[in-house]
Amino acid sequence: MRVLFVCLGNICRSPTAEGVLRHKLRAAGLEGRIEVDSAGTGDWHIGKSADVRTRQAAQLRGYDLSALRGRQVSATDFAAFDLILAMDSSNLRDLQQLRPSNAKAELDLFLRRYQLALDEVPDPYYGGEAGFEQVLDLLEHACDALVVELKGRL
Ligand code: 4NP
């Protein structure tokens, strides 16, 4: 089972989702059974570390994002992954455009899939510190729901 998180830059939301899900899978003893990755629809941050504000906020909650590097999503990801989860509606639209007609991967809006308080993870890049905390709050809840789903699918 392979899961890919996608946002715009791959330096704030989707790397956070990757780090949180990896942590929760490890805690659930599922580390080796599910592969997790993240990517951006944009190409500005290819090869770059996650945003320093993202890394610091994540570190304070026990998630180490230091090994993650930005990459851009591609059409081949639709064959390599089973589930591709977009952070906001704009990411979802871009992914629908990129999606090959014979795509294996299921594509969905991450928070909407689990009917959480919001449908989208707001982009924290141009905002203040609170935005990074909100991203973590939303993604921790959504990853809890995703782990339950993944356990049921294994
Ligand atoms: P992300 O946030 O999509 O959550 O990684 C952003 C990061 C960078 C930019 C936009 C959003 N940017 O415009 O460079």
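Count residues from 1 along the sequence. Given the structure is predicted, the values throughout are model-derived calculations rather than measurements. Remember, it's 1-based here, ligands and their atoms both numbered in the order they're listed.
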Show me the donor-acceptor pairs within less than 3.5 Å that the side chains of residues 76-87 make with the rest of the protein, sequence neighbours left out.
residue: Thr76; atom: OG1; partner: Ser74; partner atom: OG; Å: 2.7
residue: Asp77; atom: OD1; partner: Arg71; partner atom: NH1; Å: 3.4
residue: Asp77; atom: OD1; partner: Arg71; partner atom: NH2; Å: 3.0
residue: Asp77; atom: OD2; partner: Arg71; partner atom: NH1; Å: 3.0
residue: Asp77; atom: OD2; partner: Ser74; partner atom: N; Å: 2.9
residue: Asp82; atom: OD2; partner: Arg2; partner atom: N; Å: 2.6

Q: Would you sort out whether Asp119 and Arg113 count as a salt bridge (charged side-chain N to carboxylate O under 4.0 Å, His left out), showing the intermediate values?
A: CA-CA 8 Å; Asp119 272 353; Arg113 185 176 185 85; over 6 Å; no
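- Evaluation of the ring pair (Phe, Tyr, Trp, His ring centres under 6.0 Å) rule for His45 yields no partner, not counting sequence neighbours.
- A cation-pi contact, defined as under 6.0 Å to the ring centre and within 45° of the axis, links Arg53 to Tyr125.
- There is no path of hydrophobic side-chain contacts, each under 4.5 Å, that joins Val52 to Leu60.
- In the vicinity of Cys12, heavy-atom distances shorter than 4.0 Å reach the ligand 1 atoms 1 (P), 2 (O), 4 (O), 5 (O).
- Every atom of ligand 1 is numbered from 1 in the order shown, and the set under 4.0 Å from a heavy atom of Leu8 is 3 (O), 10 (C), 11 (C).
- Looking at Asp51 against ligand 1, nothing comes within 4.0 Å, counting heavy atoms.
- At the top of the distance list for atom 11 (C) of ligand 1, counting protein heavy atoms only, stands Asp123 OD2, 3.1 Å.
- The pair Glu120-Arg112 fails the salt-bridge criterion, with no side-chain N (NZ, NE, NH1 or NH2) lying under 4.0 Å from an Asp/Glu carboxylate O.
- Only one option out of Lys24, Arg22, His23 pairs with Val20 in a side-chain contact (heavy atoms from CB on, under 4.5 Å); it is Lys24.
- For ligand 1, the polar-atom distance check against Trp44 finds no nitrogen or oxygen pair separated by under 3.5 Å.
- In terms of N/O distances under 3.5 Å, ligand 1 is not approached by Ser14.
- At a 4.0 Å heavy-atom cut-off, ligand 1 touches His45 through the side chain alone.
- The atoms of ligand 1 that sit less than 4.0 Å from any heavy atom of Tyr126 are 13 (O).
- The single protein non-hydrogen atom nearest to atom 9 (C) of ligand 1 is Tyr125 CD2, 3.6 Å, given as residue, atom name and distance.
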